[in-house]
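The block underneath contains the structure these notes are about, expressed in structure tokens.
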Amino acid sequence: MARLKMAKTPQDWMREAIALAIRNVRSGHGGPFGAVIVKDGELVASGANSVTASNDPTAHAEVVAIRHACRELASFQLGGCELYTSCEPCPMCLGAIYWARPDRYYFACCKEDARACGFDDALIYEELGRLPEQRTIPGNSLLREEGMVAFEEWARSAAKVHY
């Protein structure tokens, strides 16, 4: 007799993201963050924080999962997908989510929970509201006119892919 396959609920997918975060901590591989990406009720990709293990400050769970999902789906956008992450995305991950364009994302813990555990993104949120030259790590425009040539080329390019 064939077994019925039960569809997973959003809570089930979130539990998978949380379990990834817990396994990541227990393994000593990275921080307490896990993410899964789902499409049409099927797991497309997952990721766990590996910042310290890989010496890559961009290796947050959401970014790792997005990279894997985009490779798996052969697309730079994740339309039709949902992302489940164990914690509210930091500004970098939120930016990656918006660039990837999944239909929605869910998170378990909030940024205040992360802050209480020593992960504080408040500085970055504050910095985004400042002019680049007034930030803790100052940014200064340089050679704008020369840099505009790349944008002008892009505007004329027949091969460009809009995103």
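These values consider heavy atoms only, across backbone and side chains, with no hydrogens, waters or symmetry-generated copies. Position 1 is the first residue of the sequence; numbering continues from there.
Remark: the backbone N or O of A21 is not paired with any side-chain donor or acceptor of N24 at under 3.5 angstrom. A distance-only check finds no donor-acceptor pair linking the side chain of N49 to the backbone of F33 [under 3.5 Å]. Judged by distance alone, the side chain of Q77 and the main-chain N or O of R101 form no donor-acceptor pair under 3.5 Å.
Note that NZ of K8 is 13.5 Å distant from CE of M14, once rounded to the nearest 0.5 Å. Rounded to the nearest 0.5 angstrom, S141 OG and E133 CD are separated by 9.5 Å. Taking CD from E82 and CD1 from I37, the interatomic distance works out to 11.0 Å, rounded to the nearest 0.5 Å. How far CD1 of I97 is from OG1 of T85: 7.0 Å, rounded to the nearest 0.5 Å. Summarising the geometry, atom CZ belonging to F107 is positioned 11.0 Å from atom CD belonging to E62; distances are rounded to the nearest 0.5 Å. Note that CZ of R115 and SG of C87 are 11.0 Å apart. Values are rounded to the nearest 0.5 Å.
More than 12 non-hydrogen atoms from other residues, nucleotides or ligands lie less than 6.0 angstrom from OH of Y125. Within 6.0 Å of CZ in R15 there are 12 or fewer heavy atoms belonging to other residues, nucleotides or ligands.
In terms of heavy atoms, T136 sits closest to L123 at OG1-CD1, 4.0 Å. Here the shortest heavy-atom pairing between A96 and V63 reads CB-CG2, 4.1 Å. Residues P57 and M92 come closest through the heavy atom pair O-CE, 3.8 Å. The shortest heavy-atom contact between Q134 and R130 is O-CD, 3.7 Å. When all heavy atoms of K160 and A155 are compared, the pair lying nearest together is NZ-O, 2.9 Å. What you find for L128 and R135 is that their closest heavy atoms are O-NH2, 3.7 Å.
Within the 4.5 Å cutoff, no side-chain heavy atoms of E16 are placed close to those of S46. Residues P91 and D121 are in side-chain contact: their nearest non-hydrogen atoms beyond the backbone lie under 4.5 Å apart. Looking at W99 and I66, their side chains never come closer than 4.5 Å, going by heavy atoms from C-beta outward. Between C70 and L78, the closest side-chain pair of non-hydrogen atoms falls below 4.5 Å.
In the hydrophobic cluster analysis, where Ile, Leu, Val, Met, Phe, Trp and Tyr join through side-chain heavy atoms closer than 4.5 angstrom, L43 is grouped together with L20. Residues Y105 and L73 share a hydrophobic cluster, clusters being chains of Ile/Leu/Val/Met/Phe/Trp/Tyr side chains in contact below 4.5 Å.
By the 30° and 60° cut-offs, the orientation of the rings of Y84 relative to Y106 is parallel.
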